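For reference, the structure discussed in these notes is given below.
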Amino acid sequence: MHPLDSLNQEIIQCHKCPRLVEWREEVARVKRKAYQDQEYWGKPVPGFGDAQGRVLVVGLAPGAHGSNRTGRQFTGDASGNFLFPALHRAGFANQAEAESRNDELILKDMYITASGRCAPPDNKPTLTELNTCQPYLEREIQILQPKVIVCLGKIAFDRILKIFALRSLKFSHGAMYSIQPSSFIIHPLRLICSYHPSQQNTLTGKLTVEMFDKIWEKAGELANKED
């Protein structure tokens, strides 16, 4: 079994945060009216993508009726409807749609994960919950050894800074930083910041299609650049 597969099985079985366990399972039981005929995932959502991917994408946490329903990161909600067309345009995804775990979406040179693995109430995991989940992200970085990490939102950015013990870097859309080799990564790493593709950002114009496309264009360039 690939180390990522073993890790994902461990993630799926996690019950470390009582508040999140209760919430994710209640949402899966009650369901949204539009999805009453669907079986919700209702468990921690593992990462997915290319196990050899040089680009690691880190989001916030599953949406209650998105990933918590479908069981795959950014799948089945508005954020994913903005993300995957951009990844398709950039050549990281074989299709622009992401509706279910069985929709034949394939990522190339990219792995997608999150800072928190369970859907949190009001989309707000606590600091303690994020700290509890952090070892999973650390192990993904150690296994994947990515050349580029794209942080979708400040919470993901702050989590990466915590992992690499960095303090002075500031979050802004399009900001890029270099991270030196450490106990987690054996080669230099490039960090790219992006606003999260939430409706709060996309519908207000804070994050536009053009702005988002530039993020993935740069991620591709850096992944293919010789060290």
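Throughout, residue positions are numbered sequentially from 1 according to the sequence presented. None of the values given here were measured: they were computed from a predicted structure. All values below come from the heavy atoms of this structure, side chains included, with hydrogens, waters and symmetry mates left out.
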Which heavy-atom pair separates [X] from [Y] by the least distance, and what is that distance?
{"X": "Ala156", "Y": "Ser115", "value": "CA-OG, 3.4 Å"}
{"X": "Gln145", "Y": "His187", "value": "O-NE2, 3.1 Å"}
{"X": "Asn68", "Y": "Arg24", "value": "ND2-O, 3.3 Å"}
{"X": "Ala98", "Y": "Arg72", "value": "CB-NH2, 3.6 Å"}

Would [X] and [Y] pass as an ion pair if we require N to O under 4.0 Å?
{"X": "Lys31", "Y": "Asp37", "answer": "no"}
{"X": "Glu39", "Y": "Arg69", "answer": "no"}
{"X": "Lys218", "Y": "Glu221", "answer": "yes"}

Exercise. Check salt bridge (Lys or Arg N to Asp or Glu O under 4.0 Å) between Asp50 and all other residues, then give those that pass, not counting sequence neighbours.
Key: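 Expected list: none.
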Practice problem: Is it possible for you to check whether Lys206 lies under 6.0 Å from the centre of the six-membered ring of Tyr195, through NZ or CZ, and within 45° of that ring's axis? | Solution: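 Flagged: Lys206 positioned over aromatic ring of Tyr195.
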Quiz prompt | Contacts of Ala90 that satisfy side chain to side chain contact (heavy atoms under 4.5 Å, CB included) - sequence neighbours left out | solution =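 Ala90 satisfies side chain to side chain contact (heavy atoms under 4.5 Å, CB included) with Phe92, Trp216 once adjacent residues are dropped.
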Indicate yes or no: at least one non-hydrogen side-chain atom of [X] is less than 4.5 angstrom from one of [Y].
{"X": "Leu207", "Y": "Phe82", "answer": "yes"}
{"X": "Phe157", "Y": "Leu169", "answer": "yes"}
{"X": "Val55", "Y": "Tyr111", "answer": "no"}

Less than 3.5 Å apart, any donor N or O on the side chain of [X] or [Y] sitting next to an acceptor on the other?
{"X": "Arg117", "Y": "Asn8", "answer": "no"}
{"X": "Glu129", "Y": "Thr132", "answer": "no"}
{"X": "Gln134", "Y": "Glu138", "answer": "yes"}
{"X": "Thr70", "Y": "Arg101", "answer": "no"}
{"X": "Thr113", "Y": "Glu140", "answer": "yes"}

